[in-house]
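Inspection log for the structure reproduced underneath, given as structure tokens.
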2 protein chains.
Amino acid sequence: MENPINTSVEIQDAPCRANCSENLSAVEDAIYVIGGKWKLKIIIVLQELGNVRFNELQRMISGISAKVLSNELKDLELNGFVKRVVHAEQTPVVVEYISTDYSRTLKTVIMSLSEWGRKHKSNIREDVFENTSVR
Amino acid sequence: MENPINTSVEIQDAPCRANCSENLSAVEDAIYVIGGKWKLKIIIVLQELGNVRFNELQRMISGISAKVLSNELKDLELNGFVKRVVHAEQTPVVVEYISTDYSRTLKTVIMSLSEWGRKHKSNIREDVFENTSVR
DNA sequence: CGGGATCCGCTCAGATACTG
DNA sequence: CAGTATCTGAGCGGATCCCG
């Protein structure tokens, strides 16, 4: 009788709402793992540049602190998006991060997001000129 | 000499990094307006159900508090994703929120995210069975 | 019903310093 | 270089009360 997932809605008028909460929970799951300000940006850098070292990564992603970057990388590694490679031969130790095959499944997500972001930016500009309330 | 946007990177080895930071800033802009735990979920509900009232919205999106929902709706209204419609005739007042045309430009973003979320969920399940460290 | 105002705890992120 | 440790403050979100 009770669905373990989403017991809250779909009680009364099922069809539309079931479909809705289907999307809802799927998007929720996605946001849960790749949400936040940094995760997708880290993934993008690793995908486009290949092997990247910690400090280089921090320089590429402006505004992120070492602590936060460190935590984000751990998260991403746990979820299988990045791989941590340690070259212990040398001193000081060199550590590189690389994107996994799994992170490549995010390609379409990243593309749709960046395309939308580009369009949105130009729309904003138009708004500034149209909108007379800015004065 | 200096680009007003993203002055940080692309100083040395330009071509790859310029492309990279292009995507980076676009995704950053997108995340800035539709990021967070709630915004996309609110947009999805409004797109799928049409007019939705405040309390109904809160019931649909499990876990959100009235204050947070209120703030998110203001944000979304400012950015042109939702429209607030007040029916002042009746008492108590009825307020409905509807999604705008502009929020429909997010269709592909939402679809790619929800599709990815679905796949990810099934991948997680496989991991649980494969992974002997869970015991 | 649809919120706003207030208080308040608690996490998170920044800054700084330190280590192998 | 690649982080960790510690402290600290802002802010987010919860709970409660209140209003039109």
Side-chain angles (χ1 to χ4, degrees), chain A residues 8-9 12 28 31-43 45-46 49-79 81-99, chain B residues 8-9 11-13 28 31-43 45-46 49-79 81-99:
Chain A
S8 54
V9 194
Q12 307 279 352
E28 181 173 6
I31 290 177
Y32 184 74
V33 278
I34 58 171
K37 279 164 69 178
W38 307 114
K39 294 206 171 62
L40 275 178
K41 297 179 72 173
I42 295 172
I43 290 172
V45 172
L46 292 180
L49 297 190
N51 308 19
V52 186
R53 297 162 65 172
F54 187 88
N55 282 336
E56 195 181 1
L57 210 39
Q58 190 179 0
R59 260 174 273 124
M60 296 284 305
I61 301 172
S62 61
I64 196 168
S65 72
K67 184 174 71 174
V68 173
L69 177 55
S70 174
N71 287 334
E72 296 290 65
L73 284 171
K74 278 177 197 162
D75 255 42
L76 291 173
E77 200 186 354
L78 269 177
N79 287 304
F81 294 114
V82 311
K83 180 112 188 176
R84 186 171 182 269
V85 182
V86 183
H87 302 275
E89 320 86 57
Q90 309 149 53
T91 10
V93 181
V94 170
V95 179
E96 287 182 335
Y97 293 89
I98 59 177
S99 63
Chain B
S8 55
V9 193
I11 311 166
Q12 307 278 354
D13 38 331
E28 182 173 5
I31 290 177
Y32 184 75
V33 279
I34 58 172
K37 279 163 70 179
W38 307 114
K39 295 208 171 63
L40 274 180
K41 297 179 72 173
I42 295 172
I43 290 173
V45 172
L46 292 181
L49 297 191
N51 308 20
V52 187
R53 297 164 64 173
F54 188 88
N55 282 335
E56 195 181 2
L57 209 40
Q58 189 179 0
R59 260 174 273 124
M60 297 284 305
I61 301 172
S62 60
I64 197 169
S65 71
K67 184 173 70 173
V68 173
L69 177 56
S70 172
N71 287 334
E72 297 289 65
L73 285 171
K74 277 179 198 161
D75 255 41
L76 291 173
E77 200 186 354
L78 269 177
N79 286 303
F81 295 114
V82 312
K83 181 113 188 176
R84 186 170 184 269
V85 181
V86 184
H87 302 274
E89 321 85 54
Q90 310 149 53
T91 7
V93 180
V94 170
V95 179
E96 287 183 334
Y97 293 88
I98 58 177
S99 64

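Below, read A as the first sequence line, B as the second, and so on, with proteins coming before strands; counting in each chain starts at 1.
- For A/Lys39 against A/Val33, the heavy-atom pair with the smallest separation is CD-O, 3.2 Å.
- The side chain of B/Ser70 places an N or O atom within less than 4.0 Å of a non-bridging phosphate oxygen (OP1 or OP2) of C/dG4.
- At least one side-chain heavy atom of B/Tyr97 sits under 4.5 Å from a side-chain heavy atom of B/Leu46.
- For the pair B/Tyr97 and C/dG3, the criterion of a side-chain N or O lying under 4.0 Å from OP1 or OP2 is met.
- For A/Arg84 and D/dG3, the shortest distance from a side-chain N or O to OP1 or OP2 is below 4.0 Å.
- Under the 4.5 Å side-chain criterion, counting only non-hydrogen atoms from C-beta, A/Lys37 is not in contact with A/Val68.
- Here C/dA13 is the nucleotide among C/dA13, C/dG2, D/dT4 with the atom lying nearest to any side-chain atom of A/Val68.
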Side chain to side chain contact (heavy atoms under 4.5 Å, CB included) assessment of A/Arg84 paired with A/Val86: CA-CA 7 Å; A/Arg84 186 171 182 269; A/Val86 183; 3.5 Å; yes
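- The only member of B/Leu76, B/Leu57, B/Ile98 that meets side-chain contact (heavy atoms from CB on, under 4.5 Å) when paired with B/Val82 is B/Leu76.
- Side-chain to base pairing of B/Lys67 with C/dG3: no donor and acceptor N or O lie closer than 3.5 Å to each other.
- Judged by closest nucleotide on DNA chain C, A/Asn71 is the one of A/Pro92 and A/Asn71 placed further toward the 5' end.
- For the pair A/Ser65 and C/dA13, the criterion of a side-chain N or O lying under 4.0 Å from OP1 or OP2 is not met.
- Looking at the side chain of A/Phe54, the nearest of the listed nucleotides C/dG2, D/dA2, D/dG14 is D/dA2.
- When the side-chain nitrogen and oxygen atoms of A/Arg53 are compared with OP1 and OP2 of D/dA2, one or more of them lie within a distance under 4.0 Å.
- The terminal axes of the helix from C/dC1-D/dG20 to C/dG20-D/dC1, fitted over 5 pairs per end, subtend an angle of 50° to the nearest 10°.
- As rounded to whole Å, 9 Å separates atom P of D/dG3 from atom CG of A/Asn55.
- Using a 4.0 Å heavy-atom cutoff across all strands shown, A/Lys37 reaches no nucleic acid atom at all.
- For the OP1/OP2 pair of D/dA2 and a distance below 4.0 Å, the side-chain nitrogens and oxygens of A/Lys74 include no atom meeting the criterion.
- Proximity of A/Lys41 to A/Ile64: side-chain heavy atoms (C-beta onward) are nowhere separated by under 4.5 Å.
- A heavy-atom distance below 4.5 Å is not found between the side chains of A/Ile34 and A/Asn79.
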